[in-house]
Protein chains: 2
Amino acid sequence: MKTSLVAVDFHGQGCADCAVRGFSVCASLDQFEMREFEQLSRRVSFGSCETVFAQEDTSSCFYNLLDGVMRLYKLLPDGRRQIVGFVLPGDFVGMTTEERHGFSADAIGPVTVCQFAKLPFGRFAEDKPNLLRRMNQLAVQELNQARDHMVLLGRRSAEEKVATFLVGWRDRLVELRGPSNIVPLPMSRQDIADYLGLTIETVSRTFTKLERDGVIVILPGGVSLRDSARAEALAAA
Amino acid sequence: MKTSLVAVDFHGQGCADCAVRGFSVCASLDQFEMREFEQLSRRVSFGSCETVFAQEDTSSCFYNLLDGVMRLYKLLPDGRRQIVGFVLPGDFVGMTTEERHGFSADAIGPVTVCQFAKLPFGRFAEDKPNLLRRMNQLAVQELNQARDHMVLLGRRSAEEKVATFLVGWRDRLVELRGPSNIVPLPMSRQDIADYLGLTIETVSRTFTKLERDGVIVILPGGVSLRDSARAEALAAA
DNA sequence: AACAGTCTTTGATTCAAATCAATGCAAAGC
DNA sequence: GCTTTGCATTGATTTGAATCAAAGACTGTT
């Protein structure tokens, strides 16, 4: 919840050796464009639980996550929280035409982002169809995810929600780090609850039930998907 | 649920006199581009409850709604349904990079759309930054709406859900047709329930409660927002 | 006007998840 | 080593919305 900035580097260590170069927005840029793009960005790091930007903040920057995990969430006036997404390296965050972000983002564990000021970024992107198409693709992808999540929130049981979350999170990590059924869960139970529209107690009970049923094994800091097929069945059903 | 096509015109009656010309995707096109664009589109009409496209269909077209109202929804294998949005004139539907649509769209009452084949549209848009930026804007707008809806689905009570829906729907109609607190509801109670993650009975009871509390008056085919402020308070809270 | 068919409303009852209330557990600090 | 602190789990109880079950109210048709 704090908002102190922890570390800043000058214009990153170059984009050429950037960990997310190959699959992020910037994948759409050629060598020369990349040079120019590099000048617009700064690497910034945040400590665990620090706020990268808040719901009510003027949206002056875009962010490309380089390392770590973030949560995006919306708060109701009375404090109820809905997490609208978890962010992994390569994800592009903060695209909006609105004056304000409309949701908050904070670090789950230490995080490094590639930050762009909105205006120069806009000017740069303005006449670059490649980049615009790529941004479109990312927006549409997110929209599809958002719609899937609506189905989950509106129409699925607690057990289906948790199973869907675990399978989906595993799949995202597999894409990033290669296949494994060990699923690290850097976020808290409360985060998971607020993502799935449940309470922390229900999440905990559901984890326990899934373990009793031999679907998962609960580990410190994550779970192992013991019976991946059964979890996937719950997620699909 | 049927899928028979009801009427086709040749290349529309021109875009110049199109009802949604001013605020849809095409608002970003100049006079000359518009001419070319016109050639890519066909006006197509659908009868009440006909399916414009289905979840599992190959996504070969984009649609711009000209007249009527559509519902967009996803079905789970066991038949549970989540409506992910209602579509009003000017809304652009079907943007996706995926092979399949991933959600279904059908007409609520008679509907006219402006239909584009995906491939020629893609070729046309490819090098038009204006159009690409406009599409981006629309996608991001929808994403924001989707996130708001996640909060509603995950964290709000039945009464808040219904009030939020009524206020939001009124606001969209106001934008389209000018100010009024008479809110036509062309969709069924079942549709509203599937949009809000409730059952039809709960929606009905909540309408009744809101009427008892003097917030709305239930009319045939809609409601009147009697105490708009109270409804907005419920929606914000 | 009467009928069928489809929605909508209302009532009674059940149930899944929330709430309330401890207890357990592990890392951080003294 | 022993507290403190902040999660996470488990248990007991409540509750908001779902389910089950009729009864009304429209719409369109004959």
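Note on naming: letters A, B, ... go to the chains in the order of the sequence lines (proteins, then strands), and numbering restarts at 1 for each one. The basis for the numbers below is simple: all heavy atoms, side chains too, and nothing from hydrogens, waters or symmetry mates. Please read these numbers as outputs of a predicted model, since none were measured by experiment.
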> When the distance from NZ of B:K209 to C1' of C:dT9 is rounded to whole Å, what number comes out?
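In whole Å, C:dT9 C1' and B:K209 NZ are 17 Å from each other.
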
> Main chain of B:V93, side chain of B:D91: is a donor-acceptor contact present, judged purely on distance under 3.5 Å?
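Looks like no, no N/O pair under 3.5 Å.
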
> Measure the distance from CG on B:L219 to P on C:dT9 and round it to the nearest whole Å.
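Whole-Å distance recorded here is 12 Å.
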
> Checking contacts here: which listed nucleotide (C:dT8, C:dA18, D:dA17) is nearest the side-chain heavy atoms of B:R189?
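Shortest atom-to-atom distance from the side chain points to C:dT8.
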
> Does a side-chain N or O from A:T199 land closer than 4.0 Å to OP1 or OP2 of C:dA17, or not?
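Checking A:T199 against C:dA17: no side-chain N or O falls below 4.0 Å of OP1 or OP2.
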
> More 5' along DNA chain C: B:S188 or B:R205, using each one's nearest nucleotide?
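The 5'-side residue here is B:S188.
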
> Test your reading of the model: is there a side-chain donor-acceptor pair from A:K118 to the backbone of A:S59, 3.5 Å cut-off?
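Yes, because the side chain of A:K118 sits within donor-acceptor range (under 3.5 Å) of the backbone of A:S59.
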
> Could you check whether B:G221 gets within reach of a base, just the sugar-phosphate, or nothing at all, counting any heavy atom under 4.0 Å?
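The answer is nothing, as B:G221 stays clear of every strand by at least 4.0 Å.
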
> Between B:S204 and C:dT8, is there a contact of a side-chain N or O with OP1 or OP2 at under 4.0 Å?
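Negative; the distance criterion is not met.
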
> When you get a sec, tell me which of D:dA17, C:dA17, C:dT8 is the closest nucleotide to the side chain of A:S157?
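It is C:dA17.
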
> Hey, do the aromatic rings of A:Y195 and A:Y73 have their centres closer than 6.0 Å?
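Distance test on ring centres: not under 6.0 Å, no.
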
> The side chain of A:T202 lies closest to which of these nucleotides: D:dT19, C:dT9, C:dA18?
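Within the option list, the nearest is C:dA18.
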
> So, A:R155 side chain and B:L75 main chain: donor-acceptor pair closer than 3.5 Å or not?
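Absent.
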
> Could you check how far CD1 of A:I200 sits from C1' of C:dT19, rounded to whole Å?
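One finds 13 Å between C1' of C:dT19 and CD1 of A:I200, rounded.
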
> Atom CD of A:Q190 and atom C1' of C:dA18: how far apart are they, to the nearest Å?
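In whole Å, C:dA18 C1' lies 13 Å from A:Q190 CD.
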
> Could you tell me which non-hydrogen atom of B:L173 sits nearest to which non-hydrogen atom of B:L88, and how far apart they are?
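Heavy atoms of B:L173 and B:L88 come nearest at CD2-CD1, 4.0 Å.
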
> Rounded to whole angstroms, how far apart are CD on B:E201 and P on C:dG11?
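Those two atoms, CD and P, are 14 Å apart.
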
> What is the distance, rounded to the nearest whole Å, between atom CD1 of B:I108 and atom P of C:dT6?
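In whole Å, C:dT6 P and B:I108 CD1 are 19 Å from each other.
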
> Just how far, in rounded Å, is P of D:dA18 from CG of B:L196?
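Whole-Å distance recorded here is 10 Å.
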
> Report the distance from atom CD1 of A:I192 to atom P of D:dT9, rounded to the nearest whole Å.
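The answer, rounded to whole Å, is 9 Å.
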
> Closest-nucleotide mapping onto DNA chain D: is A:M187 or B:E159 further toward the 5' terminus? I mean the 5' end.
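Its nearest nucleotide lies further toward 5', so the answer is A:M187.
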
